[in-house]
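Residue numbering restarts at 1 for every chain, and letters A, B, ... go by the order of the sequence lines. Just so we're clear, the structure is a prediction, and the values are computed from it rather than from any experiment.
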2 protein chains.
Amino acid sequence: MAANRRPTLADVAREVGVSAKTVSRVLNEDGPVSARTREQVLAAVAKLGFQPNLMARNIRVGGPDTTIGLVIPDLANPFFGAVARAIEDTVGDRGLTLLMGSSADDPERERALTDKFLARRVSILIVVPSVGADHSHLKSQRTAGLPVVFLDRPGVGLVTDSIVSSNRAGAQEGVAHLIAHGHRRIGFVGDLPPKLYTRRERQAGYRSALLAADIPYDRALVANAHDQSGAEAATAGLLGLADPPTALFAGNNIMALGIVAELARSKRKEVAVVAFDDVALAEALEPALTVVAQDAEELGRVAATTALARLDGDRGRARTLTVPTRLIVRGSGEQPAPRTRPRTT
Amino acid sequence: MAANRRPTLADVAREVGVSAKTVSRVLNEDGPVSARTREQVLAAVAKLGFQPNLMARNIRVGGPDTTIGLVIPDLANPFFGAVARAIEDTVGDRGLTLLMGSSADDPERERALTDKFLARRVSILIVVPSVGADHSHLKSQRTAGLPVVFLDRPGVGLVTDSIVSSNRAGAQEGVAHLIAHGHRRIGFVGDLPPKLYTRRERQAGYRSALLAADIPYDRALVANAHDQSGAEAATAGLLGLADPPTALFAGNNIMALGIVAELARSKRKEVAVVAFDDVALAEALEPALTVVAQDAEELGRVAATTALARLDGDRGRARTLTVPTRLIVRGSGEQPAPRTRPRTT
DNA sequence: TTGTATGCGTTATCAG
DNA sequence: CTGATAACGCATACAA
């Protein structure tokens, strides 16, 4: 049998012997309909397995579609997974459906995704901006009333709401924590590219903490990596220095995985560690991992709430909202610096 | 300024002084267009910021929309995040956009999501079935040509392709591994509800392994939990038994987190552990976590590939494809059983 | 190379 | 309470 055409309003109407509009009325609880025709219509709908074509409806009604477009770097990253989940939960009450895609931090992929979403007339656009992306092309959309919210990082070329973690203050707190435990040579393992907003902010927090403690900034102690295995190599590199760090600060969750894995592999667990962003099983490690935890759920919730407020007509000026981080002390960050090196008076 | 109406084909046409059809031709590289009008049209498109309305286009063309609907239990679960990412990558080449939602393993939410997706005329539907869900309502869709693929678990009431892990064999291998290291009292911590397909299959594998080794099945050694903290409590409960297990088998990644966390907290690391599904940092734990790894990427890739083949006209009978699991030996599963108890000859 | 008439599936408008 | 007609934004068929 051939693939039958999906039934339409007209099919249902013909089945019952009424007009299409009447069926429409029943389904949308629009105008008044007699109980009898109503029943007949519903019966026919069930019989034919009719489902209204949302796209056709939308075209006619005209407004934005009941979807929300979400662009994140990587669906498989637990941090962004948690963010996406929070967004979904928040906008779900409004009946919005999630349209999402991974940019892989590639500006072109990001642009392709946002264009697709705009072509689908999403009600809201939430974007984690890729490095090097320019968002001025969204200006007309914004002035036309489309809520655009940047998440995790600010966007470029467009004035709109941004929701970010307290990256700089959080990193500073984490590094200061290490310093308070006697460390003066503290390595920083950050993600790539170095221009990435979160990377820059966290590294700035790292520098501030050093500065506040009168510790000179040593470029040799800063390493970069793309992924976990890169972070493992970077960690090994830092520990192989002539004057190696006694503590490490992880720039994000993936870097943390690499550092922890490498320290376990090379049995260098005396090296103190504080990581930005929490990871699963942090408490079960030995030592348990001290982290500057981001609140992924709150990040997503605030982004979604802000966007919904805009959708509801909030015309206030663009805001940048900062979601606080929280230092969670578990052990790895409290390991003291060894006294092997002579102290400068 | 008021939210201006988005420009349409007609607006662009008017701007240039041509017909809508000509603009359409330029944009879709359809019929022949003179270089000059072509330029003019493109200029006008840029000037007005016109973006074709994909929904309107789709309605006219008639076929399914270039979207793929994906229903998973939880976007924030790293396993499903990895699956989703693999699906996205696989269908991305075909230009399909991901429409997704979390069911929270609730049949009603699952139904609501699939209905939304169907109303949007998705090209493909990939569903991780919730416990208790019935999928017979998708029959008409399937016969109408919509590829429907079940992922991770088989669906109920609909004969269609299913992609699952080798749950039973994998669990059996994992438990046999523990038995090979001398364990005879092996606890099983499974997720809820007990009727969940993956749970049942893995527990069946557990029983098979016991049976093969002539070890009696003891219901007291089987515990259940919803989430990580529940798994921690379940683990504590098992270890508090009068005749406690010397080894534990985790029914999924979340249960694994709970077991590992609880063993670390209570300093009972001599208890051997094998977990179904890999977790981050498994290698960095002490002892490193031995797992029966699922191939989330492959699961997603196979599901997407199968669905695309159907979309391309494959009318072969419904298949159930099993993606193999792999035992990864890391340490926790090789810890020997203590000799404290007398051996039965 | 370009335009006109028509229709996709739905809802708005207005008449009955 | 119900229906006929037009219209949403776009593409198809055919003509010019």
Side-chain angles (χ1 to χ4, degrees), chain A residues 3-42 44-45 48-66 115-116 118-122 144, chain B residues 3-42 44-45 48-67 115-116 118-123 144:
Chain A
N4 290 328
R5 198 174 45 79
R6 303 277 302 266
T8 73
L9 262 193
D11 294 327
V12 178
R14 203 174 310 117
E15 176 83 13
V16 182
V18 295
S19 79
K21 179 60 196 167
T22 299
V23 179
S24 172
R25 271 197 267 262
V26 172
L27 267 49
N28 295 318
E29 289 169 353
D30 199 17
V33 180
S34 82
R36 207 175 107 70
T37 47
R38 180 188 171 70
E39 305 250 331
Q40 289 179 310
V41 166
L42 290 177
V45 164
L48 298 180
F50 169 77
Q51 277 178 310
N53 185 326
L54 255 187
M55 294 186 293
R57 167 175 223 286
N58 213 265
I59 270 203
R60 176 64 244 220
V61 173
D65 191 14
T66 57
D115 280 352
K116 272 186 188 173
L118 293 175
R120 292 184 178 285
R121 305 298 190 259
V122 292
Chain B
N4 289 327
R5 196 176 47 79
R6 303 279 301 266
T8 74
L9 261 194
D11 294 325
V12 178
R14 203 173 309 115
E15 177 84 12
V16 183
V18 295
S19 78
K21 180 55 201 168
T22 300
V23 179
S24 171
R25 269 198 268 263
V26 172
L27 267 49
N28 295 320
E29 291 169 354
D30 199 16
V33 179
S34 81
R36 207 177 106 69
T37 48
R38 181 187 171 70
E39 305 251 329
Q40 289 179 309
V41 166
L42 289 177
V45 164
L48 299 181
F50 169 76
Q51 276 179 310
N53 185 326
L54 256 186
M55 294 185 292
R57 170 178 220 288
N58 213 266
I59 256 206
R60 176 64 245 230
V61 173
D65 190 15
T66 56
T67 49
D115 280 351
K116 273 187 188 174
L118 293 174
R120 292 183 179 283
R121 304 298 190 259
V122 292
S123 290

Check: Do the non-hydrogen side-chain atoms of Arg120(B) and Asn58(A) ever get within less than 4.5 Å of each other?
Finding: no

Notebook entry, point to check: Is the closest side-chain heavy-atom distance between Leu27(B) and Val45(B) below 4.5 Å?
Noted result: yes

Margin query: Quick check on DNA chain C: between Ser19(B) and Val23(A), whose nearest nucleotide comes earlier from the 5' end?
Written below: Ser19(B)

Notebook entry, point to check: For the helix from dT1(C)-dA16(D) to dG16(C)-dC1(D), what is the angle between the axes at its two ends, each from 5 pairs, rounded to 10°?
Noted result: 40°

Next item on the list: Do nucleotides 7-16 of chain D as a string where each nucleotide becomes B, S or -: B if the base has a protein heavy atom under 4.0 Å, S if just the sugar-phosphate does, - if no protein is that close.
Entry: BBBBBB----

Item checked: Contact boundaries on DNA chain C for chain B, cut-off under 4.0 Å to non-hydrogen atoms -> dT1(C) to dC8(C)

Checklist line | Residue pairs involving residues 22-32 of chain A (criterion salt bridge (charged side-chain N to carboxylate O under 4.0 Å, His left out); sequence neighbours excluded) | finding: Lys21(A)-Asp30(A)

Check: How close do Val16(B) and Ala44(B) get, heavy atom to heavy atom, and via which atoms?
Finding: CG2-CB, 3.5 Å

Counting only pairs under 3.5 Å, give me each side-chain donor-acceptor contact of residues 50-57 of chain A, with atom names and distances, residues two or more places apart or in other chains.
| unit_1 | atom_1 | unit_2 | atom_2 | d |
| --- | --- | --- | --- | --- |
| Gln51(A) | OE1 | Arg6(A) | NH2 | 3.3 |
| Gln51(A) | OE1 | Gln141(B) | NE2 | 3.4 |
| Gln51(A) | NE2 | Asp115(B) | OD1 | 3.4 |
| Asn53(A) | OD1 | Met55(A) | N | 2.9 |
| Asn53(A) | OD1 | Ala56(A) | N | 3.1 |

Only pairs under 3.5 Å count here: list side-chain donor-acceptor contacts from residues 35-42 of chain B, not counting sequence neighbours, and write none if there are none.
| unit_1 | atom_1 | unit_2 | atom_2 | d |
| --- | --- | --- | --- | --- |
| Thr37(B) | OG1 | Ser34(B) | O | 3.0 |
| Thr37(B) | OG1 | Ser34(B) | OG | 2.8 |

Next item on the list: Tell me, please, which residues at least two apart from Thr22(B) pass side-chain hydrogen bond (donor to acceptor under 3.5 Å, both in side chains).
Entry: Ser19(B)

Note to self: Among residues at least two apart in sequence or on other chains, which ones pass salt bridge (Lys or Arg N to Asp or Glu O under 4.0 Å) with Arg121(B)?
What the structure shows: none

Next item on the list: Indicate whether OP1 or OP2 belonging to dC1(D) is found under 4.0 Å from a side-chain N or O atom of Thr22(A).
Entry: no

Notebook entry, point to check: Which residues pass the salt bridge (Lys or Arg N to Asp or Glu O under 4.0 Å) test with Arg14(A), sequence neighbours left out?
Noted result: Asp11(A)

